[in-house]
Amino acid sequence: MAYDDLRDWIAALDSAGELKKIRTEVDPVLEITEITDRVSKLPGKGSQPTLRGAPGGPALLFQNLKGYPSSQLLINQFGSARRMNLALEVNSLDEVADRISQFMDMKSPQGFLDKVKMLPMLAEMGKFFPKTVSSGPCKEVIKRDKFSLLDFPVLKCWPKDGGRFITLPCVVTRDPKTGKRNVGMYRMQVYDERTAGMHWQRQKIGAEHYREMLRRAASGKALEGEDFSRTSVDIMARSSGGAVLALGDRPGGRMEVAVAIGTEPAVTFAAIVPAPAEVEEYLIAGFLRQKPVELVRCETVDLEVPATSEIVLEGYVNLDELRSEGPFGDHTGFYSLEDLYPVFHTTCITQRRNPIYSATIVGKPPMEDGWMGKAVERIFLPMMKLSIPELVDINLPIEGVFHNLMIVSIRKSYPGQARKVMNAIWSLGQAMFTKCIIVVDEVVNVQDIGEVTLKALNHIDPERDIQFTLGPVDSLDHASRLPDYGSKMGIDATRKWPSEGFTRPWPEEILMDEKTKALVDKKWKELGLE
Ligand SMILES: Cc1cc2nc3c(=O)[nH]c(=O)nc-3n(C[C@H](O)[C@H](O)[C@H](O)COP(=O)(O)O)c2cc1C
Ligand SMILES: [Mn+2]
């Protein structure tokens with residue numbers, strides 16, 4: 001029973017006792033952050049433990065916003081393990097993982113019977129593709145002339161933030177090569193009424209669409225083999241093969257962008273999922289909600305957005321314009337540094353009447369995004385196993401802020417396999433950012449940090465078992481030698497084998513024998529120790 005829209009989802013949160021409506025006046029500048037931060041750290045119903053307990057206070061619907069009399073603001077909608085399940089309409093995230101496994105298990109049919117058996121699956125797949133409809137609630141109000149990004153209660157999150165940031169935007173772009181759409185969650189710093197920063201980091205799909213537009217605008221003149229990593233201004237100011245594209249000789253042009261805010265939870269979640277570029281997030285959302293996402297065409301750009309979005313920003317980024325973005329109190333628990341990013345120019349805003357603005361804050365974990373990340377961890381495990389079949393389980397502890405620490409258990413069958421697994425992870429989509437990977441044997445429960453600490457640290461000879469490598473790192477890494485580029489570490493904490501050069505005896509783990517245990521079980525009550 002997919003949620004129709006954000007309001008339907010809010011009603012579901014409310015009836016599950018997971019929503020708190022707040023009628024006291026609050027300021028979107030700083031105050032909402034302080035409230036939400038405290039709530040994020042409250043004990044939660046049915047939350048998974050993090051290193052600091054089992055947090056996850058309720059979702060919050062602020063109904064009395066200072067300066068925004070007709071607005072409401074939803075925050076912390078995904079902020080507990082229970083709500084994440086509710087958002088995806090499952091009792092456990094493993095259900096989603098199992099559904100994915102079923103689809104991946106589909107093999108070529110061997111005969112008539114196999115084909116018949118496949119029919120229900122194929123029929124089911126038909127339900128996932130997005131449907132374009134002629135209109136929808138997001139067109140209730142169309143603002144072509146008089147509009148401002150500050151018509152909405154955009155948060156200033158932390159005291160040293162560079163400004164106010166749209167923190168939960170689904171940013172839609174189109175691949176100029178394939179025509180495929182991408183939806184990514186990239187924060188937007190509001191510069192003024194009509195412009196905002198477009199913080200797609202260099203390794204993300206939106207940034208790749210932008211680079212492809214840039215390549216096309218320059219028609220390959222000066223861009224072949226150029227360093228795309230820094231800024232388009234850099235690129236254009238560089239020379240290549242004698243052709244100089246100076247700043248006064250810019251390729252120009254623009255790229256269309258649409259931004260949906262206040263989408264139903266499957267779409268919002270799909271926007272953060274590290275999916276391969278070939279798979280449109282609208283399809284992923286359809287798979288998650290088992291019902292197509294309905295899309296409408298934008299008014300001023302050739303893009304589609306979810307029909308039930310609360311707010312849609314239409315516009316473009318210029319290919320030759322970058323502006324300083326940040327600082328921004330980020331999910332690492334530190335401010336991410338200022339850097340240059342493209343600028344979004346708004347051409348039109350469409351919205352529902354009295355739209356509900358949805359937002360999140362990031363900061364010191366645990367926070368809302370941690371639970372979204374945990375869901376990604378569970379759901380992606382079957383897909384990771386496709387390319388790393390020896391993988392048994394993974395854990396990205398919330399305090400590891402997703403790119404800093406991944407603990408994996410493997411079924412080891414040959415020497416050096418732990419290092420092979422590290423390299424596989426470092427070449428797997430956004431897992432490439434993982435700064436530290438700990439590989440343990442399958443007998444270690446990676447969800448139990450205590451057990452991992454005990455066994456991993458007992459089992460290593462650091463000089464021998466730590467593997468360093470160099471490569472791309474997360475843009476938010478403030479310690480790497482260069483932005484976006486640095487070192488990573490893998491720890492082979494598996495039991496070492498003679499075939500790996502370890503010839504000393506390996507001790508046995510201490511375990512009591514069953515007979516003695518049974519004996520004590522019998523006497524336990526009598527001992528009166530509990
Ligand atoms: C709350 C939140 C905010 C995020 N902000 C950004 C951001 O500003 N820039 C960015 O590149 N990624 C950001 N991410 C991560 C991306 O959404 C994520 O990497 C996603 O997979 C990108 O989609 P893509 O693969 O289609 O580019 C954020 C994630 C969350 C949960
Ligand atoms: Mn994508």
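Throughout, numbering of the chain's residues begins at 1 and tracks the sequence. Whatever order the structure lists them in is the order used to number ligands and atoms, beginning at 1. Remember, predicted model here, so these are calculated numbers, not experimental data.
Annotation: atom 9 (N) of ligand 1 to nearest protein heavy atom, His199 O, 2.6 Å. Considering only non-hydrogen protein atoms, atom 27 (O) of ligand 1 sits nearest to Tyr186 OH, 2.6 Å. Annotation: atom 11 (O) of ligand 1 to nearest protein heavy atom, Gln201 N, 3.0 Å. Atom 26 (O) of ligand 1 has Asn182 ND2, 2.8 Å as its closest protein atom, hydrogens excluded (heavy atom only). Scanning the protein for heavy atoms near atom 4 (C) of ligand 1, the closest one is Met185 O, 3.7 Å.
A salt bridge is defined here as a Lys NZ or Arg NE, NH1 or NH2 lying under 4.0 Å from an Asp or Glu carboxylate O, and Lys364 with Asp37 fails to meet this definition. A salt bridge is defined here as a Lys NZ or Arg NE, NH1 or NH2 lying under 4.0 Å from an Asp or Glu carboxylate O, and Glu208 with Lys204 fails to meet this definition.
Counting heavy atoms closer than 4.0 Å to ligand 1, residue His331 contributes nothing at all. With a heavy-atom cut-off of 4.0 Å, Ala271 touches ligand 1 through its backbone alone. The proximity of Thr360 to ligand 1, defined as any non-hydrogen pair under 4.0 Å, is limited to the side chain.
For Gly163 against Gln189, the heavy-atom pair with the smallest separation is N-NE2, 3.8 Å.
Of the N or O atoms in Gly184, none lie within a sub-3.5 Å distance of an N or O in ligand 1. Ligand 1 has an N or O atom lying under 3.5 Å from an N or O atom of Ile205, backbone or side chain. In terms of N/O distances under 3.5 Å, ligand 1 is not approached by Trp200. In terms of polar-atom proximity, defined here as any N/O pair under 3.5 Å, Val362 makes no such contact with ligand 1. Polar contact with ligand 1: absent for Thr167 (N/O pair, distance under 3.5 Å).
Neither side chain, Asn182 nor Glu280, offers a donor N or O lying under 3.5 Å from an acceptor on the other. Judged purely by distance below 3.5 Å, without hydrogens or angles, the side chains of Thr360 and Thr167 never pair a donor atom with an acceptor atom. Side chains of His345 and Thr195: no donor on one and acceptor on the other come within 3.5 Å. Side-chain N/O atoms of Thr347 and Glu314 include no donor and acceptor closer than 3.5 Å. A donor atom on one side chain and an acceptor atom on the other are found under 3.5 Å apart for Ser336 and Asp330.
Counting only non-hydrogen atoms, the option in Met367, Arg181, Gln430 that gets closest to atom 25 (O) of ligand 1 is Gln430. When Ile361, Thr268, Ile272 are ranked by how near their heavy atoms come to atom 20 (C) of ligand 1, first place goes to Ile272. Of the options Lys204, Glu208, His209, the smallest heavy-atom separation from atom 10 (C) of ligand 1 is shown by Lys204.
Judged by a 6.0 Å distance limit and a 45° cone about the ring axis, Arg83 is not positioned over the six-membered ring of Phe78.
Within ligand 1, the atoms closer than 4.0 Å to a non-hydrogen atom of Pro274 are 21 (O), numbered from 1 in the order shown. Close contacts between ligand 1 and Val273 involve ligand atoms 21 (O) [criterion: under 4.0 Å to a heavy atom].
In summary, the aromatic rings of Phe328 and Phe165 are positioned with their centroids under 6.0 Å apart. Centroid-to-centroid, the aromatic rings of Phe129 and Tyr282 stay 6.0 Å apart or farther. Checked against the 6.0 Å centroid threshold, His199 and Tyr186 do not count as a close aromatic pair.
Note on ligand 1: Glu281 sits in its first shell, one or more heavy atoms being nearer than 4.0 Å.
Looking only at its N/O/S atoms, Glu281 has OE2 as the one nearest to the Mn ion (ligand 2).
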